[in-house]
Engineer: 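What follows is a single structure, and I will ask about it in a moment.
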Protein chains: 2
Amino acid sequence: MSQNGVGIDLDKSLGYLLKRASSALRAAMEEVLRPLGMSVTHYSCLELLAQRPGLSNSELARGAFVTRQTMNVLLQALERDGYVTRPAEAPVGKVLPTRLTPRGRRSLEKATVAVRSVEVRMLAGMTETEQSDAFRILQSMIRSLRDGG
Amino acid sequence: MSQNGVGIDLDKSLGYLLKRASSALRAAMEEVLRPLGMSVTHYSCLELLAQRPGLSNSELARGAFVTRQTMNVLLQALERDGYVTRPAEAPVGKVLPTRLTPRGRRSLEKATVAVRSVEVRMLAGMTETEQSDAFRILQSMIRSLRDGG
DNA sequence: TGACTCATGTCAGTATTCTGACATAGATTA
DNA sequence: TAATCTATGTCAGAATACTGACATGAGTCA
């Protein structure tokens, strides 16, 4: 019943499985971030800034997998609420380097603990070898999809 | 600069890599489905129905990773345009079993060819062993996230 | 130098998805 | 049996993200 010669058998499709895994991860992250009043995109933005201070709006957008318009709206809110700062004028070009404020860093700390617990849970039951295999295979998938576009 | 003791190193995070892969896959699917005037959710709905005729609105929603309200809106449009049919009254309970029309099947055929090409591209460069490893590891991740919830 | 291309930040409007809510049908349980 | 719980289909409104568009600054190239 599941395979009739036509179509893609979803139960055997690696693409569908990838989507299932990603969906499960996102749901788990939303669950632990909700009590902190933070969305996944919100968290991603802060985490990116913690690791690479001075990232621009467009760079943050690409890192968080949203458009730069969407990230711009988020950054304006974060700036208004004192989580990040941006210079009034661009030091060079039009790029506005963004940085976390102490308040933003404090807010991120709690979120990081929550998200780390999710990642640890996801890795539970996987050997070191399986983890590095997963890393290598996922990178291969990304490369194939990007290059063949 | 990338790791300062605090936060999650995104370059080493399997969760972030999973998101990147899923995002790349979705973008590739959107690219090949756009010329057909079809969204990923739209395609997922038809593909699910091809494999499991009679699926209900709620079941389709879970299979396509959207809420049942969102799927309901899509189904009403698909029904209006003659791609699927639903009985006027539920045979049992409130569940309305949905089925593809010949028109829906024809529409799906083209989409399946397009999506299959993306999946083939994604699998390019992966050995049989790597594919089955990926399958097993992704299933392990899903299970861990679900059970520990 | 000047024309061209590309990337950025931002505003506005549109589209999509979600949350909240309700009535209803079947299953479960006291 | 009666009450309770769970799941479904659906409507309406809210939240979220996207597309389109514009001005501007930097790099490329003839």
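So you know, we letter chains A, B, ... as the sequences are listed, proteins then strands, and number each from 1.
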Engineer: Please output the side-chain donor-acceptor pairs of residues 33-43 of chain A that fall under 3.5 Å, not counting sequence neighbours, one pair per line with the distance.
Structural biologist:
residue, atom, partner, partner atom, Å
S39(A), OG, H42(A), N, 3.1
Y43(A), OH, E47(A), OE1, 2.7

Engineer: Could you tell me the separation between the CE atom of M71(B) and the P atom of dA7(D), rounded to a whole number of Å?
Structural biologist: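 Going from M71(B) (CE) to dA7(D) (P), I get 19 Å.
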
Engineer: Whole angstrom is fine here: how far is it from CD in E89(B) over to P in dG9(D)?
Structural biologist: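 Whole-Å distance recorded here is 15 Å.
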
Engineer: Let me know the distance between CG of L96(A) and P of dA23(D), rounded to the nearest Å.
Structural biologist: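 Taking CG of L96(A) and P of dA23(D), I get 19 Å after rounding.
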
Engineer: Rounded off to whole Å, could you give me the NE2-to-P distance for the H42(A) and dA17(D) pair?
Structural biologist: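 Distance, rounded to whole Å: 12 Å.
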
Engineer: Using whole Å, what does the distance between atom C1' of nucleotide dG9(D) and atom CG of L55(B) come to?
Structural biologist: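 After rounding, the gap between these two atoms is 15 Å.
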
Engineer: Write down the atom of I137(A), the atom of A134(B), and the distance for their closest heavy-atom approach.
Structural biologist: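 So the two residues come closest at CG2-CB, 3.8 Å.
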
Engineer: Indicate the atoms forming the closest heavy-atom contact of A64(B) with S44(B), along with that distance.
Structural biologist: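 Minimum heavy-atom contact is CB-CB, 4.1 Å.
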
Engineer: Using a cut-off of 4.0 Å between protein heavy atoms and nucleotide atoms, how would you tag nucleotides 12-28 of chain C 5' to 3' with B, S and -?
Structural biologist: -----SBBBB-BBSS--

Engineer: Do S56(A) and L96(A) make a side-chain contact, defined as non-hydrogen atoms from C-beta onward lying under 4.5 Å apart?
Structural biologist: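 Not touching, per the 4.5 Å side-chain cut-off.
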
Engineer: Where the side chain of E119(B) meets the backbone of S13(A), is there a donor-acceptor pair that is under 3.5 Å apart?
Structural biologist: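 Flag not set: sc E119(B) to bb S13(A) has no pair under 3.5 Å.
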
Engineer: If you measure from the Lys or Arg side-chain nitrogens to the Asp or Glu carboxylate oxygens, is any gap between E130(A) and R136(B) under 4.0 Å?
Structural biologist: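 Looking at E130(A) and R136(B), the cut-off is met.
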
Engineer: Is there a side-chain contact between N72(A) and the phosphate of dT10(C), meaning an N or O under 4.0 Å from OP1 or OP2?
Structural biologist: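 Yes, because at least one side-chain N or O of N72(A) sits under 4.0 Å from OP1 or OP2 of dT10(C).
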
Engineer: Between atom CG in L60(A) and atom P in dT10(C), what is the gap in whole Å?
Structural biologist: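 For the pair L60(A) CG and dT10(C) P, the rounded distance is 12 Å.
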
Engineer: Whether R86(B) contacts dT8(D) is assessed here as follows: a side-chain N or O lying under 4.0 Å from the phosphate OP1 or OP2. Is that the case?
Structural biologist: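 Answer no for this pair, as no side-chain N or O of R86(B) is under 4.0 Å from OP1 or OP2.
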
Engineer: Between E30(A) and R26(A) (salt bridge meaning N to carboxylate O under 4.0 Å), is one present in this structure?
Structural biologist: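 Salt bridge flag = yes for R26(A) with E30(A).
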
Engineer: From the options dT10(C), dG9(D), dG9(C), select the nucleotide whose nearest atom is closest to the side chain of S58(B).
Structural biologist: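 Closest of the options to the side chain of S58(B): dG9(D).
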
Engineer: Got a donor-acceptor contact below 3.5 angstrom from the S22(B) side chain to the K19(A) backbone?
Structural biologist: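 Absent.
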
Engineer: Expressed as a whole number of angstroms, how long is the span from L75(A):CG to dC11(C):C1'?
Structural biologist: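 It is 16 Å, rounded to the nearest whole Å.
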
Engineer: With axes from five pairs an end, tell me the bend angle of the helix from dT1(C)-dA30(D) to dA30(C)-dT1(D), nearest 10°.
Structural biologist: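 Answer for the end axes of this duplex: 40°.
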
Engineer: Can you find a pair of side-chain heavy atoms, one from V66(B) and one from L60(B), that are under 4.5 Å apart?
Structural biologist: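 Sidechains of L60(B) and V66(B): no contact.
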
Engineer: On DNA chain D, compare the nucleotides closest to Q76(B) and E59(B); which residue's is nearer the 5' end?
Structural biologist: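 The residue mapped nearer the 5' terminus is E59(B).
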
